[in-house]
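This report refers to the structure that appears directly beneath it.
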Amino acid sequence: MSGMADLEGEYDHIIVGAGSAGCVVANRLSESGKRRVLLLEAGGRDNWIWFHIPVGYLFAIGNPRSDWMFETVAEPGLNGRRLNYPRGRVLGGSSAINAMISMRGQAGDYDHWNSLGLPGWGWDDVLPVFRRIEDHFLGDSDVHGAGGEWRVEAPRVRWDILDAVRNAAQEMGVQPVADFNTGDNEGSSYFHVNQKKGLRLSAARGFLTPAAGRANLRIETGCLTDKLVLQDGRAVGVEFLQDGMRRRATCRGEIILCAGAIGSVQVLQRSGIGPGEVLQAAGVETQVERAGVGRNLQDHLQQRAIYRVSGARTLNETYHNLFRRGLMGLDYAFRRRGPLTMAPSQLGIFTRSDAAQVRANIEFHVQPLSLDKFGDPLHRFPAITVSACNLRPTSRGDVRIPSADPVEKPLIAPHYLSTEEDRQVAADAIRITRRLMRQPAMARFAPDEMLPGASVGDDDAALAKAAGDIGTTIFHPVGTAKMGRTDDPMAVVDRDLRVIGIAGLRVIDASVMPTITSGNTNTPTIMIADKVSREMMQ
């Protein structure tokens, strides 16, 4: 870097990160036209075709154009493996490369937040926010909204093999439901998706594009935020790197970190806000001791079981057949339907790992395809992937900066399967997967277990080891700057998401969740952003 240049002007709000939360916050805070808002995004514009064609996640994940290309440390619970840890690096953030699955979680998730001493975050409090942001294909109702920016549509493709899996779930007692988003998602259904007429709807398209022309909103891309400028206990500015220069922007109001459960932690720690021992090891002077910054990392670990099938069409052989691939392209071009509209998972099954669970605690993502890992090519034989994840893991990990260098990647240690409870749920989930595939509805497809493999025994120890061998992230990191009571030593922000101990600074993104929601986390993150940014305007 050469020199230091001040960005002209002073802003009422500086937002760091134009991901799922940042796009919403930028829209809401600039809406009145009375506040001058600066939005800083480290990635580029979302002007690549694969950000918009839904199946483009296959090309965006694992691509440095769109992905931060993070990875975990070697995880003992995964038998020493490291995992790729995709995070979106573009306007829209991870919503530009994610599964597009519209999922709120369960009413019990939010009532639990409320019970932690966080009034205003119970299900009855957040349901009106979910309804307000939505434009749902089912129309306005007690549980859904119409006219909001966040479009929700039914899937535009179906597969016979997935219908059979749903029938198999019913045979083992998991009933079909029409909608996962009423507060209780137990049952089986096809995921509703954040798409609009067959195109991906990222947070950038839904919330930022409509606001981008406002004279009081400035959007800067290619800006890697290094640290906050602190003065007399207040955040007054941001230093960032852009075009080979170190730049600084000043703020007379509030700075809002929306860089996600990984990125917001990096900025806080480089600014000297966090656990003293972590900052000292990274060569950063401690400004404000907050033990919880980077701690409490939670994520959904999925056991990706793969079954080879026969007598069924899957995306694997369809994709590798040039003629059929051409038909897929035509179907999409003329009707905006077919496999190119696919979310990574189409069928969901929510159930309980054992009878003692008070509500559904495992989620299946069922896909008519298989691959070794995202970014790798599809297999050439017909197969399905039946992934089961523990919705409410008790394992807790951490995120740490290794040095003060903003370019150096963080150390991400999720500590998967580090509790006996999580290992038991993982083992039970594999058992349920096998039971699902043995149902009569699946018999005609002769499912053959490739992963974890028929040689893996059915005892707890063998299955827990298998979970470590095949487990992988489902890309839902949360909790690393959790909200809590001000007397909670591990809380980073209060119920209004103000950073405890520093004026003029909030964190609004998935990092503030005290506990992970029971399902995909993108829509809850957008809800959080809408709720708090609207309250800021009051």
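Keep in mind the model is a prediction, meaning the values are calculated, not measured.
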Run the side-chain donor-acceptor check on residues 489-498: report pairs under 3.5 Å with partners two or more places apart or on a different chain.
{"residue": "Asp494", "atom": "OD1", "partner": "Asp496", "partner atom": "N", "Å": "2.9"}
{"residue": "Asp494", "atom": "OD1", "partner": "Leu497", "partner atom": "N", "Å": "3.0"}
{"residue": "Asp494", "atom": "OD1", "partner": "Arg498", "partner atom": "N", "Å": "3.0"}
{"residue": "Arg495", "atom": "NE", "partner": "Pro119", "partner atom": "O", "Å": "2.7"}
{"residue": "Arg495", "atom": "NH2", "partner": "Pro119", "partner atom": "O", "Å": "2.7"}
{"residue": "Asp496", "atom": "OD2", "partner": "Arg498", "partner atom": "NH1", "Å": "3.2"}

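- With hydrogens and angles disregarded, a donor-acceptor distance shorter than 3.5 Å links the side chain of Thr72 to the backbone of Leu83.
- Relative to the six-membered ring of Phe70, Arg87 misses at least one condition, a distance below 6.0 Å or an angle of at most 45° to the axis.
- In terms of the salt bridge (charged side-chain N to carboxylate O under 4.0 Å, His left out) criterion, residue partners of Glu8 (sequence neighbours excluded) are, by chain and number, Arg218.
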Worked check of side-chain hydrogen bond (donor to acceptor under 3.5 Å, both in side chains) between Ser511 and Thr480: CA-CA 5 Å; Ser511 68; Thr480 49; 4.5 Å; no

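- Under the side-chain contact (heavy atoms from CB on, under 4.5 Å) criterion, Thr209 pairs with Arg205, not counting sequence neighbours.
- Pairs of residues two or more places apart, or lying in two chains, that qualify as salt bridge (Lys or Arg N to Asp or Glu O under 4.0 Å) and include a residue from residues 276-292 are Glu277-Arg295.
- The cationic atom of Lys196 (NZ for Lys, CZ for Arg) does not lie both less than 6.0 Å from the six-membered ring centre of Trp150 and within 45° of the ring axis.
- The shortest distance between side-chain heavy atoms of Thr486 and Asp488 does not fall below 4.5 Å.
- For Phe350, the ring-ring contact (aromatic ring centres under 6.0 Å, His included) criterion is met by Phe180, not counting sequence neighbours.
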Check against side-chain hydrogen bond (donor to acceptor under 3.5 Å, both in side chains), Asn522 and Ser95: CA-CA 7 Å; Asn522 192 52; Ser95 74; 5.1 Å; no

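- For Pro86, the side-chain contact (heavy atoms from CB on, under 4.5 Å) partners at least two apart in sequence or on another chain are Ile61, Asp67, Phe475.
- Every residue two or more places apart in sequence or in another chain was checked for a ring-ring contact (aromatic ring centres under 6.0 Å, His included) with Tyr416, and none qualifies.
- For His136, the ring-ring contact (aromatic ring centres under 6.0 Å, His included) test picks out His144, His192, with sequence neighbours left out.
- Partners of Arg35 by salt bridge (charged side-chain N to carboxylate O under 4.0 Å, His left out), not counting sequence neighbours: none found.
- For Phe59, the ring-ring contact (aromatic ring centres under 6.0 Å, His included) partners two or more places apart in sequence, or in a different chain, are Trp50.
- For residues 20-33, the salt bridge (Lys or Arg N to Asp or Glu O under 4.0 Å) pairs, not counting sequence neighbours, are Arg28-Glu149, Arg28-Asp530.
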Candidate pair Arg36 and Glu10, rule side-chain contact (heavy atoms from CB on, under 4.5 Å), full reasoning: CA-CA 8 Å; Arg36 194 173 184 206; Glu10 190 176 45; 5.7 Å; no

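- Checked against salt bridge (charged side-chain N to carboxylate O under 4.0 Å, His left out), Arg45 has no partners two or more places apart in sequence or in another chain.
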Steps toward side-chain hydrogen bond (donor to acceptor under 3.5 Å, both in side chains) verdict (Ser30, Asn216): CA-CA 6 Å; Ser30 65; Asn216 63 317; 4.9 Å; no

